[in-house]
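Report on one structure; see the data block that follows.
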Amino acid sequence: MKIEHLKNKIKTVFRPIYYLLWQLINIIRRKPKAQGYIFMLHRVAEWNMSGLYWNEHMKVSPQKLDNILKKMKHKYDFIRLEDVPQRLNSKGKFKKKFVVFTMDDGYKDNLTIALPIFKKYNVPYTIFLVSDFMDKKALLWWYVLEDLLLTNNEIKLSNGIVYPAKTMDEKCRSFLDIRAEILKLDQENLDQGLNDLFKEYHVDWYVHNDELCLDWNDINILKNEALVTLGAHTKHHFNLKELDTRERVKQEVLDGCKRIHEQAGFVPKVFAYPFGSANEVGSREYNVLAELAETLSVATIGYGGPVLGSDSCNLYSLPRIMLKEDSSFVTLLKEAKKVRLI
């Protein structure tokens, strides 16, 4: 009995110490506090309810964007992407977390629909430009693939695989499966690879360019807009991981910058990796961008979470969160909390 009583006494004495140590360990292990977040968008346009989800989900409706800006304007500091490094080095100077808005590729509605909404709330935003978009040479295969799926009950590729497309669910599943095949193609000869893969069909891979892509006249308008930063997004929108060498990755980045300089008279200072998931970008690409620090000061990936403190982030792989039409503002904040955003 005396031994048992002694054990209980020892437990009573040491239990608070153990608890405090446990709390301390958890504090040490805790992730760095989020400083803010970067939103990724592609298009601002009304949804086409008869279109495929995987293309439509790249859109945010004008009403959605307006609502998000209205609800965020008093809670967050809206800043430019190029100001993120300075913000991260501020060491707690700012009370509010920051928010950055970015748009990928160079769609026409970034000017015609998005700009008036951002102006309404005086919010800066960045458009990452693929120079082939403005040159009308972009292979918008994701929209052409949608056309094929919507007008056929199945898609037969040259590799012998047949993808069902009778129902909308089948079309959506087949879109993702075929997309995965396309991303494996030789990026240097993507047009030929696409033609070979879809040889059963007569396809114009450039059919949507005039309708959807910004042109150089648009860029010359946007470059004079005080709220707009124009960044780089490569020349061709290749899957960079599929390029053979570091030098080829660097060339693809610099060729896009060079073309923008030739046509619009400025060199972009910020960059986003095409596609942006771990399947299309990794340490090799981050290191290449770091080598281009004098040209491109900040680079973003497509997915991830919040932007953490300066000691915890790489300026050449800043994470972004995709802003979607089908997520409410409340849901967005809940997701942010899960990744220690707010």
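Just so you know, residue 1 is the first one in the sequence shown, and it goes up from there. Given the structure is predicted, the values throughout are model-derived calculations rather than measurements.
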Heavy-atom distance under 4.5 Å between the side chains of Ser158 and Glu200, does that happen here? no

Below 30° counts as parallel, above 60° as perpendicular, anything between as tilted: where do the rings of Phe133 and Tyr107 land? perpendicular

Kindly give the heavy-atom pair with the smallest separation between Ser297 and Leu315, and that separation in Å. O-CB, 4.2 Å

Transitive ILVMFWY side-chain link Leu227 to Leu111, under 4.5 Å: no

Closer than 3.5 angstrom, by distance alone: can the side chain of Ser174 be matched with the main-chain N or O of Ala165 as a donor-acceptor pair? no

Please test Phe271 against Val298 for side chain to side chain contact (heavy atoms under 4.5 Å, CB included), starting from the C-alpha separation and ending with a verdict. CA-CA 6 Å; Phe271 177 81; Val298 175; over 6 Å; no

For Glu188 and Leu243, run side chain to side chain contact (heavy atoms under 4.5 Å, CB included): C-alpha distance rounded to whole Å, both residues' side-chain angles, the deciding distance at 0.1 Å, then the answer. CA-CA 8 Å; Glu188 303 280 6; Leu243 298 181; 3.7 Å; yes

Spell out, yes or no, whether Leu197 and Leu176 are grouped together once hydrophobic residues are joined by side-chain heavy atoms under 4.5 Å, including indirect joins. yes

Can you name the nearest heavy-atom pair linking Cys213 to Leu140, along with the distance? SG-CD1, 3.9 Å

Before you tell me yes or no, could you show the steps for Phe118 and Met103 under side chain to side chain contact (heavy atoms under 4.5 Å, CB included), namely the whole-Å CA-CA distance, both residues' side-chain angles and the distance that decides it to 0.1 Å? CA-CA 12 Å; Phe118 283 113; Met103 309 186 74; 4.2 Å; yes

Would you check if the side chain of Asp132 reaches a backbone N or O of Asp135 as a donor-acceptor pair within less than 3.5 Å? no

Any side-chain heavy atom of Ile221 within less than 4.5 Å of one from Asn217? no

Heavy-atom count check: over 12 atoms from other residues, nucleotides or ligands less than 6.0 Å from Lys108 NZ? yes

With a 4.5 Å cut-off on side-chain heavy atoms, are Tyr53 and Trp47 touching? yes

Decide yes or no for Asp218 and Asp215: does some side-chain heavy atom of the first lie under 4.5 Å from some side-chain heavy atom of the second? yes

Partner residues of Trp142 under the ring-ring contact (aromatic ring centres under 6.0 Å, His included) criterion, sequence neighbours left out: His237

Atom pair CD (Glu56) and CE (Met49), whose distance is rounded to the nearest 0.5 Å: 8.0 Å

At what distance, to the nearest 0.5 angstrom, does NE2 of His233 lie from OG of Ser131? 11.0 Å

Walk me through it: do Phe78 and Met72 pass the test side chain to side chain contact (heavy atoms under 4.5 Å, CB included)? CA-CA 9 Å; Phe78 296 125; Met72 282 188 165; 3.7 Å; yes

Just so I know, are the side chains of Met40 and Thr300 near enough to count as touching, which here means a heavy-atom distance under 4.5 Å? no

Shared hydrophobic cluster, Val267 / Val228 (ILVMFWY, side-chain heavy atoms < 4.5 Å): no

Any non-hydrogen side-chain atom of Leu292 less than 4.5 Å from a side-chain atom of Lys250? yes

Mark yes or no: Arg87 above the aromatic ring of Phe98, with NZ or CZ under 6.0 Å from the six-membered ring centre and no more than 45 degrees from the axis. no

Verify, without hydrogens or angle tests, whether Thr102 (side chain) and Phe39 (backbone) share a donor-acceptor contact under 3.5 angstrom. yes

Within this structure, what is the CG-CG distance for the pair Leu296 and Leu254, rounded to the nearest 0.5 Å? 7.5 Å

Without swapping roles, check the side chain of Lys137 against the backbone of His236 for a donor-acceptor pair under 3.5 Å. no

For Leu149, is there any backbone N or O sitting under 3.5 Å from a side-chain donor or acceptor partner on Lys171? yes

Roughly how far apart are Thr229 OG1 and Leu222 CG, rounded to 0.5 Å? 11.0 Å

Within a reach of under 6.0 Å around NZ of Lys223, are more than 12 heavy atoms found that belong to other residues, nucleotides or ligands? yes

On a heavy-atom basis, which atom in Asn110 and which in Arg43 lie closest, and how many Å separate them? ND2-CA, 4.2 Å

Hydrophobic cluster identity match, Phe101 and Phe94, side-chain contacts under 4.5 Å: no

So, the side chain of Asn239 versus the backbone of Pro274: is there a donor-acceptor pair under 3.5 Å, distance only? no

Check against side chain to side chain donor-acceptor pair (under 3.5 Å), Asp196 and Gln192: CA-CA 6 Å; Asp196 291 344; Gln192 186 60 52; 2.8 Å; yes

Residue pair Val144 / Asp204: nearest heavy atoms and the distance that separates them: CG2-O, 3.8 Å

Stepwise side chain to side chain donor-acceptor pair (under 3.5 Å) test for Asp66 and Tyr121: CA-CA 9 Å; Asp66 189 285; Tyr121 294 99; 2.8 Å; yes

Would you say the ring centroid of Tyr316 lies under 6.0 angstrom from that of Tyr286? no

Would you indicate whether the side-chain heavy atoms of Val281 and Leu240 approach each other to under 4.5 Å? no

Glu154 side chain to Val162 main-chain N or O, any donor-acceptor pair under 3.5 Å? no

Do the non-hydrogen side-chain atoms of Lys64 and Lys59 ever get within less than 4.5 Å of each other? no

Are Phe198 and Trp141 near enough that their ring centres are under 6.0 Å apart? no

Greater than 12 external heavy atoms within 6.0 Å of Lys199's NZ: no

Would you compute the distance between atom CH2 of Trp216 and atom CD of Gln263 and round it to the nearest 0.5 angstrom? 5.5 Å

Of all heavy-atom pairs between Gly282 and Glu285, which one has the smallest distance, and what is that distance? N-OE1, 2.8 Å

Testing Val100, Leu41, Leu81, Leu115 for side chain to side chain contact (heavy atoms under 4.5 Å, CB included) with Tyr125, which one passes? Leu115

What distance do Asn55 atom CG and Asn48 atom CG have between them, rounded to the nearest 0.5 Å? 10.5 Å

Please collect all side-chain hydrogen bond (donor to acceptor under 3.5 Å, both in side chains) contacts where either partner lies in residues 269-283, sequence neighbours excluded, each pair once. Ser277-Glu280

Is the backbone N or O of Arg284 less than 3.5 Å from a side-chain atom of Asn287, with the two atoms forming a donor-acceptor pair by type? no

Measure up the Tyr37 and Tyr76 rings against each other and bin them: parallel (under 30°), tilted (30 to 60°), perpendicular (over 60°). tilted

Considering all heavy atoms, the nearest Pro319-Ile301 contact: CA-CG1, 3.7 Å

Considering residues, nucleotides and ligands other than Lys96, do more than 12 of their heavy atoms fall under 6.0 Å from its NZ? yes

Would the number of heavy atoms belonging to other residues, nucleotides or ligands and lying under 6.0 Å from CD of Gln86 be above 12? no

Assess the residue pair Asn152 and Tyr201 against the criterion (side chain to side chain donor-acceptor pair (under 3.5 Å)); give the C-alpha distance rounded to whole Å, side-chain angles, the decisive distance to 0.1 Å, and a yes or no. CA-CA 11 Å; Asn152 290 277; Tyr201 307 90; 5.3 Å; no

Could you tell me whether the side chain of Glu252 and the main chain of Lys235 form a donor-acceptor pair under 3.5 Å? yes

Closer than 3.5 angstrom, by distance alone: can the side chain of Glu146 be matched with the main-chain N or O of Leu52 as a donor-acceptor pair? yes

